[in-house]
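A quick write-up on the structure given underneath.
Counting starts at 1 for both ligands and their atoms, in listed order. Every heavy atom of this structure was used, including side-chain atoms; hydrogens, water molecules and symmetry mates were not.
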Amino acid sequence: MTTYIKNGTVISATGATKLDVLIDGEIVAAVYQPGSTLATTAEESASSVIDAAGKYVIPGGVDVHTHMELPFGGTYASDTFESGTRAAAWGGTTTIVDFAVQSHGRQVRECLDEWHAKAEGNCAIDYGFHMIIGEVNEASLKEMTILVDEGLSSFKLFMAYPGVFYSDDGQILRAMQNAAETGGLIMMHAENGIAIDVLAEQAVSRGDTDPIYHGMVRRAELESEATHRAIQLAKVGAAPLYIVHLSASGALEEVTRARNNGANVFAETCPQYLYLNLEDHLGAPGFQGAGYVCSTPLRTKHEHHHADLWKGLRTDDLSVVSTDHCPFCMKDQKELGRDDFRAIPNGIGGVEHRMDLIYQGVVNGEIGLARWVELCSTTPARMFGLYPRKGVIQPGSDADIVIYDPNASWSISVDNHHMNMDYSAYEGIEVNGKVRTVLSRGRVIVDNDQYLGSKGDGQYLRRGLCQYLM
Ligand code: URP
Ligand code: ZN
Ligand code: ZN
């Protein structure tokens, strides 16, 4: 089975070129100069032809931060691997890397097996895992070493959530030393959770229980302090470091300083930190703000966080945009914290909207087309050892391809999204551009507002090491 994509503009991390693409089975077989003799021959012998005139042909999105079915605060993230990966496909994402969780008191391996069981046979697109290390000890350190060899090469630690996921500085240092030896990558949730818990307790005793106080107590200083500390610990441990869901100017300054000093420190941000804010969203009337409770939190619109983060995306101090997709419905889930913001499950769903929302940065002149693809596809693939299988359209790569129509316009709504959520955090945002066709390993799984894939299409990805360290 061969497919020929013609008349499109192929976007890569290095630029835009008019090229035709030949897919053979699951793999990109060749790219051709349109109109060349070789192109004509390839088109004539192809089993099917897709006309991408006026469209961009981009490598499928790679979202390296999702939480399908995550247990959190007595409930579970509302997207399963089935519903969440299907929604991702609708939005032009063809690979996710989700987080398997070692919970306190349990073995890493048995927890990872559980995550495999949740995902296997259910995913619409290819998927890999990072491992959340909920308890750094001799056994988990040993397992981390083994996992790197098995293709699970990145580990998330938390400086937040004392008593749940929290690691102290000694545990963090030990995990970093381990990663320095194995080539693994430590991903850090950088917020000072001990200080946050004090402020949260004080807020609730004052009667400040509304969702907005979630953001007020998780102060930006406590993100920059933890980011700074994580960077220093990584230096002592001689390990590279990847900061997840960076939300604020101060934390970005810490990352920028480290990078300017030559450290192997990387960071991602997420669309919620580029589009949403504390006052209008977390502070929305009634209990609506609960829909915007996530950690790190949304930041105040009275400072320059959004502008600074877009700048970080241009300068590469922010190298990746992921979603931290962790949806909860308002009904029965976010509502758990109606009387106390600390009981609102933390997370926002957005796996479907990342490609469109970051493309608005192209429309608005914040970034260029090549940077869009680099941030959403190529760099995440390289950062987490999936390149060039993912993240690029070139001979030998998986034929994960999105045909993107820059001339469409629509607006995001709970009424048109495919995530299992009863609201949209991005309700009403006008989008220029739209995913028209999605191919996952050569198969068309979305085409003109129709889903053509099925559960179990997606395969587990064994990953290599971070390719920025080689
Ligand atoms: O609020 C969030 N981000 N929930 C998911 C867990 C995490 O810390 O990434
Ligand atoms: Zn986190
Ligand atoms: Zn997360």
Taking atom types as modelled, find out whether [X] and [Y] have a side-chain donor-acceptor pair closer than 3.5 angstrom.
X	Y	answer
Glu225	Asn192	yes
Glu223	Ser247	yes
Asn420	Ser83	no
Glu191	His189	yes
Asp63	Thr323	yes
Glu279	Thr300	yes

Heavy-atom contacts with ligand 1 below 4.0 Å: which residues, ordered by chain and residue number?
His65, His67, Lys156, Phe158, Tyr161, His189, His245, Cys294, Ser295, Asp324, Cys326, Asn346, Gly347
Donor-acceptor contact present, side-chain Gln467 to main-chain Tyr387, <3.5 Å
yes
Taking the Zn ion (ligand 3) as the center, what protein N, O or S atoms are found at less than 2.8 Å?
His65 NE2, His67 NE2, Asp324 OD1
Going by an N to O cut-off under 4.0 Å, is there a salt bridge joining Glu138 and Arg174?
yes
Measure the spacing between OG1 of Thr378 and CG of Leu386 and express it to the nearest 0.5 Å.
12.0 Å
